[in-house]
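Here's the structure we're looking at; comments come further down.
Side chains are part of it too, since the values below use all heavy atoms of this structure and drop only hydrogens, waters and symmetry mates. A note on names: the letters A, B, ... follow the listed sequences, proteins ahead of strands, and every chain is numbered from 1. Model, not experiment: these values are computed from the prediction.
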2 protein chains.
Amino acid sequence: MANIKEIARIAGVSVTTVSRVLNNHPYVSPQKRAAVLATIEQLNYTRNMNAVHLITGRTGAIGVVIPNINYYYFSAILEGLAREALPAKYRLILCQTSYRPEEELQVLDMLRNKEIDGVVIVSTALKPETIEAYTAYGPVVTCQDSGERRFSSVYLEHYAAFWHGLQYLRNKGYRKIGYFEGRQHGSSSGLRQKAFGDFHRESGIPLHPEWIMFDCATEEDGAAALDRLWQMEERPDALIIAGDHVAAGLMIAARSYKIRIPEDLAIIGFDNQPIGRLLGLTTIDNQLFEMGAAAFRIIHDQINEDAPSPVYRKLDYRLIERTTV
Amino acid sequence: MANIKEIARIAGVSVTTVSRVLNNHPYVSPQKRAAVLATIEQLNYTRNMNAVHLITGRTGAIGVVIPNINYYYFSAILEGLAREALPAKYRLILCQTSYRPEEELQVLDMLRNKEIDGVVIVSTALKPETIEAYTAYGPVVTCQDSGERRFSSVYLEHYAAFWHGLQYLRNKGYRKIGYFEGRQHGSSSGLRQKAFGDFHRESGIPLHPEWIMFDCATEEDGAAALDRLWQMEERPDALIIAGDHVAAGLMIAARSYKIRIPEDLAIIGFDNQPIGRLLGLTTIDNQLFEMGAAAFRIIHDQINEDAPSPVYRKLDYRLIERTTV
DNA sequence: GTAAAATATGGAATGGATTTCATAGCAAGT
DNA sequence: ACTTGCTATGAAATCCATTCCATATTTTAC
């Protein structure tokens with residue numbers, strides 16, 4: 001395959017001049033520029049980008065740590081990232097981790113290895129200290145609140161958002177509140193759990209631990225959780241559900257039980273997903289697209305600074321009132 | 001930052017020996033190996049992978065051309081790809097193209113530039129000839145039937161699958177069939193359209209073009225298409241819908257019209273999505289995970305051959321009978 | 001005891017670009 | 001006439017690891 005040296009030889013110029021043409025640098029006479037371009041055309045030449053990456057120390061790629069591509073929450077953030085990254089000529093390297101620390105570390109090691117210019121961690125199983133150790137090698141941004149760490153983050157105040165939802169249910173007169181959650185152990189899910197506990201304590205509403213259902217990740221999990229709930233003696237009159245698709249599954253299953261929503265059971269979801277919109281699901285919008293987009297913008301800025309200081313960008317949630325409360 | 005030369009100097013060996021240790025090559029004495037490893041540890045050294053990529057001519061990355069990450073069809077294929085690729089130590093470079101040819105070409109150019117070892121094109125806006133031209137630079141596999149081209153493909157016989165669905169409706173007594181489709185112009189959607197036309201012609205059932213709704217990409221599009229359909233004088237008694245989530249949107253909207261399914265309107269979907277499973281939607285499973293997985297396996301095999309011949313892998317569809325027909 | 005094979009090691013070439021530095025011609029400014 | 005400053009060009013250093021080849025030592029084989 002042709003290389004820059006060959007182009008230089010055939011075009012009768014130096015490799016420096018060829019490089020100048022390739023990179024649109026000034027100080028190349030029109031004649032030489034034309035000769036170089038003609039030779040490039042003729043030999044069907046393209047740069048070996050690995051050589052470029054080696055010498056420049058940049059790759060124009062960003063690693064994305066994502067537990068599961070197939071969940072709306074994650075794929076929406078990814079979509080937001082992609083929408084910003086591609087026009088800026090950055091590529092995304094995807095790593096589906098399923099919350100396995102080894103996989104996450106592999107992406108962080110790619111930063112160390114100079115394979116990527118930055119890392120966006122959408123959701124992590126690692127400790128913040130572990131991530132911090134890698135900031136020496138390049139910018140890292142997480143999409144969850146890790147406190148004021150030595151890496152940037154874009155986050156939503158899940159505690160406040162959840163509290164807001166609970167408050168809303170309470171103002172509407174509901175006092176028997178159930179809760180469907182995805183992972184039991186997780187950064188933002190932990191905050192929601194804390195909000196759920198604190199809210200009950202503070203407002204004096206009795207908390208029913210048996211109405212808290214974990215591992216609700218899919219539509220079918222939502223339906224199954226309702227089944228369990230409806231076998232109980234005492235049932236909640238309202239549910240707060242992390243993930244509109246889970247709520248959707250529940251709403252669909254609710255039909256066979258002839259449960260009227262919201263008369264028999266009020267529901268409030270999370271994420272503002274299309275399926276929820278269709279079902280008239282009251283939900284809390286958490287700006288997933290914007291989260292991905294903001295994460296990219298921060299990484300992008302920081303790649304070009306030499307000693308970037310971490311940025312903590314808080315996004316606003318918004319309660320969308322529809323018909324299920 | 002430390003490099004291999006520095007490690008060699010400090011450990012008192014040659015760079016060759018360091019390289020041997022790094023790559024687990026034989027013929028290194030235990031003492032020297034230990035010395036090298038100790039120095040690596042001490043200097044917190046890691047390889048600059050860009051140098052490795054340059055000299056080996058491999059990067060261990062595969063480009064994925066995907067129109068939209070956020071659609072189940074695509075994200076399921078991506079999931080299948082990721083599940084195979086990551087254990088095999090391959091990375092995926094994602095390019096969301098929105099069917100823009102420039103974006104697709106950029107990924108193919110990455111193959112030319114040696115930034116990636118292969119390309120998986122999940123769905124494309126390019127002509128097969130254009131793709132063929134790039135096979136000189138590395139293996140390419142598409143997830144749609146392009147005929148017997150100079151690149152591999154994994155595909156489902158959309159024509160036959162669709163015909164099968166239509167036949168099923170006909171056997172159940174339906175004679176007034178509507179059709180919701182995503183893109184009007186597209187490889188597999190073209191095949192389905194052809195099947196729809198041919199089927200009506202051959203079976204003598206009159207075709208109602210006004211019952212064909214294009215651009216049904218989301219749940220909400222499905223609902224909106226039903227709205228349009230239900231404003232018509234004459235309505236279909238059965239629908240075949242490309243995409244279970246679109247069918248789901250329609251089913252949810254159908255409730256407000258008090259349409260009984262399947263008595264008033266039978267529905268058959270595509271993709272076997274979780275939401276459809278929950279709704280009891282009769283559907284045609286098209287093995288999306290397997291499609292992604294197979295695509296990776298083919299690329300992976302071909303990367304290690306020097307003159308690979310294209311592979312055409314046909315996947316089987318399967319009609320899943322539930323309760324909407 | 002000697003030839004052949006296996007083990008151990010390093011020098012130097014190689015992959016393919018970018019960039020610093022040096023040099024030189026030429027126009028403008030004083 | 002002489003200093004600046006801009007344009008144009010190329011040689012050579014640099015980025016960093018892999019691998020071919022040559023050489024030396026040790027084992028095994030007969």
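- For the pair Leu22(B) CG and dT19(D) C1', the interatomic distance rounds to 14 Å; values are reported in whole Å.
- Ser19(B) has a side-chain polar atom (N or O) that falls below the 4.0 Å cut-off from OP1 or OP2 of dT18(D).
- Between Arg297(A) and Glu290(A), at least one side-chain nitrogen of the basic residue sits less than 4.0 Å from a carboxylate oxygen of the acidic one, meeting the salt-bridge criterion.
- Using a 4.0 Å cut-off between charged side-chain N and carboxylate O, Glu115(B) and Arg91(A) make a salt bridge.
- The side chain of Ser14(A) lies closest to dG10(D) when the candidates are dG10(D), dA17(C), dA17(D).
- Distance CZ (Arg20(B)) to P (dT19(D)): 11 Å, rounded to an integer number of Å.
- The nearest heavy atom of DNA chain C to Ala51(B) and to Val15(A) marks one nucleotide each, and the one closer to the 5' end goes with Ala51(B).
- Within the 4.0 Å cut-off from OP1 or OP2 of dT18(C), at least one side-chain nitrogen or oxygen of Arg47(A) is found.
- Counting only heavy atoms from C-beta outward, the side chains of Asp316(A) and Gln287(A) approach each other to under 4.5 Å.
- The shortest distance between side-chain heavy atoms of Phe151(A) and Ser146(A) falls below 4.5 Å.
- Nucleic acid contact for Thr16(A): base, since at least one base atom lies under 4.0 Å from a heavy atom of the residue.
- Of the side-chain N and O atoms in Tyr27(B), one or more sit less than 4.0 angstrom from OP1 or OP2 of dT7(C).
- For Leu54(B), taking side-chain heavy atoms from C-beta onward, the closest of the listed nucleotides dA8(D), dT19(C), dG15(C) is dG15(C).
- In terms of polar N and O atoms assigned as donor or acceptor, the side chain of Thr56(B) never comes within less than 3.5 Å of the base of dG15(C) in a complementary pairing.
- For Asn48(A), counting side-chain heavy atoms from C-beta on, the closest listed nucleotide (dC21(D), dG16(C), dC21(C)) is dG16(C).
- One atom, CD of Gln31(A), and another, P of dA8(D), lie 9 Å apart when rounded to the nearest Å.
- Thr17(B) comes within contact range of the sugar-phosphate backbone alone, with a heavy-atom separation under 4.0 Å but no base atom that close.
- Regarding Glu115(A), its CD atom lies at a distance of 20 Å from the P atom of dC15(D), rounded to whole Å.
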Could you pull out all donor-acceptor pairs under 3.5 Å where a side-chain atom in residues 308-315 of chain A meets a protein atom, sequence neighbours excluded?
residue: Tyr312(A); atom: OH; partner: Arg149(A); partner atom: N; Å: 3.4
residue: Tyr312(A); atom: OH; partner: Arg149(A); partner atom: O; Å: 2.5

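- Note on Val28(B): only backbone sugar-phosphate atoms sit closer than 4.0 angstrom, heavy atoms only; bases stay farther off.
- DNA chain D is contacted by both Ile4(B) and Pro26(A); Pro26(A) maps to the nucleotide lying nearer its 5′ end (nearest heavy atom per residue).
- For the OP1/OP2 pair of dT18(D) and a distance below 4.0 Å, the side-chain nitrogens and oxygens of Asn23(B) include at least one atom meeting the criterion.
- The residue Lys32(A) sits close only to the backbone: its heavy atoms come under 4.0 Å of sugar-phosphate atoms, none of a base.
- The residue Val13(A) sits close only to the backbone: its heavy atoms come under 4.0 Å of sugar-phosphate atoms, none of a base.
- The CG-C1' distance, from Asn50(A) to dC16(D), rounds to 13 Å in whole Å.
- Under the 4.5 Å side-chain criterion, counting only non-hydrogen atoms from C-beta, Asn68(B) is in contact with Glu79(A).
- Taking atom CD of residue Glu6(B) and atom P of nucleotide dA17(D), one finds them 11 Å apart after rounding to whole Å.
- At whole-Å resolution of the value, CG in Asn3(A) and P in dA13(C) are 18 Å apart.
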